[in-house]
Asker: 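Below: one structure in structure tokens.
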Amino acid sequence: MGKISEGARFGLEPGRIYLDWNATAPLRASAREAWLEAGAVGWANANSLHREGRIAAEFLTRARETFASTTGTSPGEWVFTSGATESIHAAILGCAAARPTRRRIVTSLGEHAVVRSVLAGLEGQGWEIVRVGLGPDGAWSAQEVLDASHPETTGMVSLIWASNETGAVSEVEEVAKELRRRRIPLHLDAVQVPGRIPFGLSVVPATFASLSGHKFGAPKGVGALFIRRAAPWTRWMAGGEQERGRRGGTSNVAGIHSMATALAEAVVADVSAWNPLRDDFESRVLARVPGSHRVGGGVRLPQTSALRFDGVESSALLLRLDDLGIAVSSGSACTSGRTDPSPVLLGMGLTSGQAHQTIRVSFGDGTIPSDLDLLLDRLVQEVPALRGS
Ligand code: PLP
């Protein structure tokens with residue numbers, strides 16, 4: 001695990017434990033340095049022709065090269081955005097606009113709210129959206145996706161690679177290769193992948209992939225979209241001619257340089273200790289907290305646990321743990337605060353009541369085993385207490 005230094009404990013108030021890394025990760029020290037460096041000397045408009053502009057543009061060139069070399073792609077295949085929300089809009093709406101006569105899009109019930117809502121918008125305009133179900137492990141079935149994807153009718157396929165809610169990792173490699181053979185564009189929501197499982201876009205030959213910097217230790221408000229060369233895609237949003245005419249808006253040079261630095265560090269980090277740490281934590285919870293269940297299974301992100309406790313509302317448990325100094329999540333951050341059950345958990349076959357009992361624990365580098373020990377002790381204490389209250 002990461003060193004326990006002031007930096008590694010990422011500015012938490014004394015006594016606090018942060019176990020909500022799938023919502024966002026703290027800024028990496030290297031990313032902070034890169035941010036300050038580009039902010040100090042690369043602050044000019046990267047589209048300006050003068051010397052200052054060229055200095056700023058050089059940071060973007062280097063960032064694009066880093067994205068390419070870490071993912072087995074070409075620098076020209078990367079477009080920098082304001083985050084995954086924008087990347088996802090750009091990928092789906094840009095591809096749909098480029099293939100207007102193939103009005104079927106195949107997706108899954110495991111998608112993040114952004115993908116769900118962009119596709120619901122297209123559905124309202126007459127597109128046919130086919131949503132394949134999830135297994136009890138939380139993964140979509142490669143076979144079902146392929147059975148629903150016909151070259152004559154299918155405009156694109158949009159799938160989540162690794163679930164932000166359960167950590168389920170689906171079989172993207174097989175699907176990407178087969179869809180490429182069928183010449184059907186594939187968009188992957190890869191937001192939860194970098195720094196957790198291998199992220200190679202030559203091994204997984206998707207057409208589009210969306211990323212958000214803050215999930216792997218860059219600042220908020222910066223992301224990236226991979227658009228494979230010759231992909232069917234037209235620009236979806238009007239504006240200036242930045243990003244080779246593929247995205248308008250003055251470039252966030254410092255954020256992009258910081259994000260590339262974070263990506264380079266994240267993809268080579270040794271995370272081999274995470275899987276056993278998570279498995280050990282889960283088995284101790286199941287053994288020591290009566291009426292506890294693991295949600296999902298199979299191949300998962302190494303640092304994500306979804307857990308369910310009979311008779312205990314996740315929001316009450318979350319608030320109680322927060323009072324005791326521990327930050328976890330009840331499902332995805334984007335849906336927390338709302339009372340609707342998570343559609344992803346319902347898609348796996350949980351009842352609405354069970355979905356409301358599910359919490360998510362997600363960790364990262366800088367988490368130390370005693371953080372999880374303390375959470376376990378709190379769960380042993382608080383779950384029965386909440387049942388009794
Ligand atoms: N996709 C997934 C799987 C996510 O976890 C998130 C963030 O929670 C997003 C997309 C949206 O990312 P952002 O809010 O950074 O735009």
Side-chain angles (χ1 to χ4, degrees), residues 71 73 77-79 81 84-134 139-163 170-193 199 201-212 223-237 243 246-247 343-344 347:
T71 57
T73 57
E77 293 176 312
W78 287 96
V79 173
T81 66
T85 297
E86 180 191 326
S87 300
I88 289 167
H89 276 77
I92 296 178
L93 297 178
C95 184
R99 310 190 90 207
T101 56
R102 293 183 178 83
R103 290 171 81 88
R104 163 187 279 228
I105 298 181
V106 178
T107 186
S108 84
L109 292 179
E111 303 303 310
H112 185 273
V114 184
V115 172
R116 285 202 305 270
S117 51
V118 174
L119 292 178
L122 287 175
E123 199 167 30
Q125 295 168 41
W127 292 73
E128 182 199 4
I129 310 298
V130 180
R131 297 174 178 87
V132 304
L134 305 175
W140 40 260
S141 141
Q143 195 53 52
E144 279 179 44
V145 168
L146 294 176
D147 287 348
S149 304
H150 313 293
E152 321 75 55
T153 52
T154 307
M156 77 182 300
V157 175
S158 183
L159 293 167
I160 193 156
W161 183 332
S163 169
S170 299
E171 285 177 57
V172 288
E173 188 176 330
E174 184 191 328
V175 166
K177 286 182 175 155
E178 179 54 29
L179 289 176
R180 186 169 62 169
R181 270 192 286 277
R182 296 184 193 178
R183 305 178 76 82
I184 300 175
L186 168 65
H187 166 243
L188 288 178
D189 175 347
V191 166
Q192 297 289 344
V193 171
F199 178 49
L201 292 169
S202 50
V203 180
V204 177
T207 322
F208 306 96
S210 295
L211 292 180
S212 192
L225 173 62
F226 169 72
I227 307 180
R228 194 171 290 282
R229 191 176 314 124
W233 188 80
T234 57
R235 185 173 163 165
W236 75 290
M237 192 176 79
E243 296 291 314
R246 292 172 298 182
R247 193 249 182 193
V344 174

Asker: Please give me the minimum heavy-atom distance between Glu77 and Thr73, naming the atom from each residue.
Answerer: OE1-CB, 3.5 Å

Asker: Checking the side chain of Arg102 only, and the main-chain atoms of Met156 only, is there a donor and an acceptor separated by less than 3.5 Å?
Answerer: no

Asker: Which heavy-atom pair separates Pro185 from Arg99 by the least distance, and what is that distance?
Answerer: CD-NH1, 3.1 Å

Asker: Can you tell which of Arg103, Glu123, Arg116, Arg104 makes a side chain to side chain contact (heavy atoms under 4.5 Å, CB included) with Ile129?
Answerer: Glu123

Asker: Can you check whether Ser170 reaches Ile160 side chain to side chain, under 4.5 Å on heavy atoms?
Answerer: no

Asker: How long is the span from the CD1 atom in Ile92 to the OG1 atom in Thr107, to the nearest 0.5 Å?
Answerer: 7.0 Å

Asker: Could you please spell out the steps behind the side chain to side chain contact (heavy atoms under 4.5 Å, CB included) verdict for Glu243 and Thr81?
Answerer: CA-CA 9 Å; Glu243 296 291 314; Thr81 66; over 6 Å; no

Asker: Rounded to the nearest 0.5 Å, how far apart are CG of Leu211 and OG1 of Thr71?
Answerer: 8.5 Å

Asker: Of Ile88, Val115, Leu188, Val106, which is the lone residue that meets side chain to side chain contact (heavy atoms under 4.5 Å, CB included) with Ser158?
Answerer: Val115

Asker: Looking at CD1 of Ile105 and CG of Leu119, how far apart are the two atoms once the value is rounded to the nearest 0.5 Å?
Answerer: 5.5 Å

Asker: Test your reading of the model: is there a side-chain donor-acceptor pair from Arg228 to the backbone of Leu201, 3.5 Å cut-off?
Answerer: yes

Asker: Do Gln192 and Ser163 have side chains that get closer than 4.5 Å, going by heavy atoms?
Answerer: no

Asker: So Arg246 and Arg235, side chain to side chain contact (heavy atoms under 4.5 Å, CB included) or not? Walk me through it.
Answerer: CA-CA 6 Å; Arg246 292 172 298 182; Arg235 185 173 163 165; 5.7 Å; no

Asker: Give me the atom names and distance for the closest heavy-atom approach of Leu109 to Gly347.
Answerer: CD1-CA, 4.0 Å

Asker: Compare every heavy atom of Ala231 with every heavy atom of Thr207, then report the nearest pair and how far apart it is.
Answerer: CG2-CB, 3.5 Å

Asker: Please round to the nearest 0.5 Å and tell me the distance separating atom CD of Glu171 and atom CH2 of Trp140.
Answerer: 7.0 Å

Asker: Among side-chain atoms of Ser149 and Thr154, is any donor-acceptor pair under 3.5 angstrom?
Answerer: no

Asker: Apply side chain to side chain contact (heavy atoms under 4.5 Å, CB included) to residues Leu159 and Val172 and explain how you reach the verdict.
Answerer: CA-CA 8 Å; Leu159 293 167; Val172 288; 5.8 Å; no

Asker: Taking all heavy atoms of Val193 and all of Trp161, pick out the closest pair and write down the distance.
Answerer: CG2-CG, 3.5 Å

Asker: State the CD-CH2 distance between Glu86 and Trp236, to the nearest 0.5 angstrom.
Answerer: 6.0 Å

Asker: Which pair of heavy atoms, one from Ala91 and one from Phe208, lies closest together, and at what distance?
Answerer: CB-CB, 4.1 Å

Asker: If only atom types and distance count, is the side chain of Ser212 paired as donor or acceptor with the main-chain N or O of Gly223 below 3.5 Å?
Answerer: no

Asker: Between Val204 and Val175, is a side chain to side chain contact (heavy atoms under 4.5 Å, CB included) present by the stated rule, with each step listed?
Answerer: CA-CA 9 Å; Val204 177; Val175 166; over 6 Å; no

Asker: If you round to the nearest 0.5 Å, how far is CZ of Phe226 from CH2 of Trp78?
Answerer: 6.5 Å

Asker: Distance-only, no hydrogens or angles: does the His112 side chain make a donor-acceptor pair with backbone N or O of Val114 under 3.5 Å?
Answerer: yes

